[in-house]
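The block underneath contains the structure these notes are about, expressed in structure tokens.
Predicted, not measured: the structure shown is a model, and the values here were computed from it. The chain is numbered in sequence order, starting from 1.
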Amino acid sequence: MGFWELLEVASAPVIQVLLISAVGVFMATDSCNNLLSADFRKSLNKVVFIAFTPSLIFASFAKSVSLDEMILWWFMPINIGLTFLIGGILGWIIVKVLKPNLKVQGLIIASCSTGNMGNLPIVIIPAICDEKGGPFGEPDDCRNRALSYSFCSLALGGVFIWTYTYQLMRNTSLRYKAFEAAEILKIPNKGLDDDVETGFLKQNDGYAGDTENQIMVDQGASIVSMNSEKSFCHRMMETVGQILTEVMSPPTIATFLGFLFGGVEWLRNLIIGREAPLRVIQDSIQLLGDGTIPCITVLLGGNLTQGMQSSSIQPLVLICIIIARLVLLPAIGFCVVRGAAKFGLLPLDPLFQYVLVMQYALPPAMNISTMAQLFDVGTEEFSVILLWTYGAATVALTLWSTYLIWIFS
């Protein structure tokens, strides 16, 4: 295949995302009576999270994943961990060099380290298989494998997001609020300075006012210390609680059940195949899961509208995040994956290697926005980061995908 043919194959899924996202953008504006309002998006997101996504995960895994394949995929969790580690280092370098506001430091590191392991791979990677001339085999088989890889990425990425990224955003919120509290306590009360009685006190006791202010600052420091220096045991309990919450989430449970039915032959024969006695259950679950991709893509467009209404973050910070997340990280990831393949650590399936590299090239995860709202820190700033990184990702993902398809052809 020539360059333009490869570009056409690689750009088609990204264009699909753009077109469906544009529908979400339109539905979230006044021109459409704000049909996709913030409250409605939250409700629809819950439906997708609880019903649609688990159905599609289970239907895909039960149909196309075997026990042998699970063992062959052992490198994927390591690869995802490396995306968080390397991206976090790049974000930390940006913070140290540019020294941005404390409020956005955690957002910068999270944006560089935490990619969208769920929504975009589910949409983009299977769509590659539908294009004529693709290098990954027959469309149906390719799509089933692509969905399996994508959902495994979603499940494993979710664990990293709700442990590492959650703690990062939480700590950023505590530090920023502590800083705010300290700054408020340090502001002198000019009204009292002008008061006659205060002036009289200052004349009689020159250090009384300073002592009183120092006491207030010390009290604020004590509050900050109590909030930020929790015991190690308490932090561990919170982390374990978040892991258990993620493990008990519907997508993760569906992943486990999908692996179980896909790996155990007699369970698989109950629901998979024309002669399966309970095939109607699999068909019903598949039908429900088919609504996942349109819904999450429309939601993506609706969520991006918030970033169009704000400009509260420095352009240089945005440029550095885009370069780190969409240029440097994929380049490093490509070397990591090719090195692992060279040493025989990966399956021979080129689609698997393609998915591993694309995990490095994805824009920031939408879950960061949820955490920013949860901890009330940087919600507006992240909407701007989200808008510009996803805009840049339309070009970056297309170019990386074109290059990878050429490599694996």
Report task. Supply the atom-to-atom distance Ile368 CD1 to Ser113 OG, rounded to the nearest 0.5 angstrom. Result -> 6.5 Å
Query raised in the report: So do Cys320 and Leu98 actually touch side chain to side chain, heavy atoms under 4.5 Å?
Result: yes
Report summary line: Between Trp73 and Ser148 the two heavy atoms that sit nearest each other are CH2-CB, 3.7 Å
**Report entry** Thr29 side chain to Phe26 backbone, donor-acceptor under 3.5 Å
**Finding:** yes
Query raised in the report: Is a donor on one side and an acceptor on the other found under 3.5 Å between the side chain of Thr389 and the backbone of Leu386?
Result: yes
Query raised in the report: Ring centres of Phe75 and Phe352 under 6.0 Å apart?
Result: no
**Report entry** Minimum side-chain heavy-atom gap Phe160-Thr83 below 4.5 Å
**Finding:** no
Query raised in the report: Roughly how far, to the nearest 0.5 Å, is CH2 of Trp400 from CG of Leu362?
Result: 12.5 Å
Report task. Starting from the C-alpha separation in whole Å, work towards a yes-or-no answer on side chain to side chain contact (heavy atoms under 4.5 Å, CB included) for Val395 and Leu399. Result -> CA-CA 6 Å; Val395 177; Leu399 294 178; 3.9 Å; yes
Query raised in the report: Counting distance only, does the side-chain N/O of Tyr176 pair as donor-acceptor with the main-chain N or O of Gln105 below 3.5 Å?
Result: no
Requested in this report: Test Asn101 against Gln314 for side chain to side chain contact (heavy atoms under 4.5 Å, CB included), laying out the working first.
Outcome: CA-CA 10 Å; Asn101 189 296; Gln314 296 178 355; over 6 Å; no
Query raised in the report: Side chains of Leu35 and Phe40: closer than 4.5 Å at any heavy-atom pair?
Result: no
Report summary line: Taken to the nearest 0.5 Å, the spacing of Leu288 CG from Asp283 CG works out to 12.5 Å
Query - Tyr360 and Asn79: CA distance, side-chain angles, deciding distance, side chain to side chain contact (heavy atoms under 4.5 Å, CB included) verdict - result: CA-CA 9 Å; Tyr360 290 89; Asn79 190 70; 2.9 Å; yes
Report task. Locate the shortest heavy-atom distance separating Phe84 from Met117; write the atom from each residue and the value. Result -> CE1-CE, 4.4 Å
Report summary line: Output for pair (Gln359 CD, Ile80 CD1), nearest 0.5 Å, gives 4.5 Å
Query raised in the report: With no hydrogens and no angle check, is any side-chain donor or acceptor of Arg325 less than 3.5 Å from a backbone partner on Cys112?
Result: yes
Report summary line: On a heavy-atom basis, the closest approach of Thr394 and Gly391 is OG1-O, 2.6 Å
Query raised in the report: Going from CD1 on Ile285 to OG on Ser55, what distance comes out if it is rounded to the nearest 0.5 angstrom?
Result: 6.5 Å
Query raised in the report: Can you find a heavy atom in the side chain of Leu397 that is under 4.5 Å from one in the side chain of Pro363?
Result: yes
**Report entry** Shortest non-hydrogen separation from Pro364 to Ser111 and the atoms involved
**Finding:** CG-O, 3.6 Å
Report task. Measure the CG-CZ distance between Leu346 and Arg338 for me, rounded to the nearest 0.5 Å. Result -> 10.0 Å
**Report entry** Qualifying residue for side chain to side chain contact (heavy atoms under 4.5 Å, CB included) with Ile332, from Ile89, Ile86, Leu82
**Finding:** Ile86
Query raised in the report: Taking C-beta and beyond as the side chain, do Ile319 and Trp388 meet within less than 4.5 Å on heavy atoms?
Result: no
Report summary line: For Ala110 and Leu168 the tightest heavy-atom approach is N-CD2, 3.6 Å
Query raised in the report: Can you find a pair of side-chain heavy atoms, one from Asp290 and one from Phe52, that are under 4.5 Å apart?
Result: no
Query raised in the report: Given side chains that start at C-beta, do those of Pro121 and Met358 come closer than 4.5 Å, heavy atoms only?
Result: no
Query raised in the report: For Gln282 and Phe58, which heavy atoms make the closest approach, and how far apart are they?
Result: OE1-CE2, 3.8 Å
Query raised in the report: Parallel, tilted or perpendicular for Phe136 and Tyr354, by the 30°/60° rule?
Result: tilted
Query raised in the report: Does any non-hydrogen side-chain atom of Tyr149 lie less than 4.5 Å from one of Leu356?
Result: no
**Report entry** From CA spacing to verdict: side chain to side chain contact (heavy atoms under 4.5 Å, CB included), Val317, Val104
**Finding:** CA-CA 10 Å; Val317 172; Val104 299; 5.7 Å; no
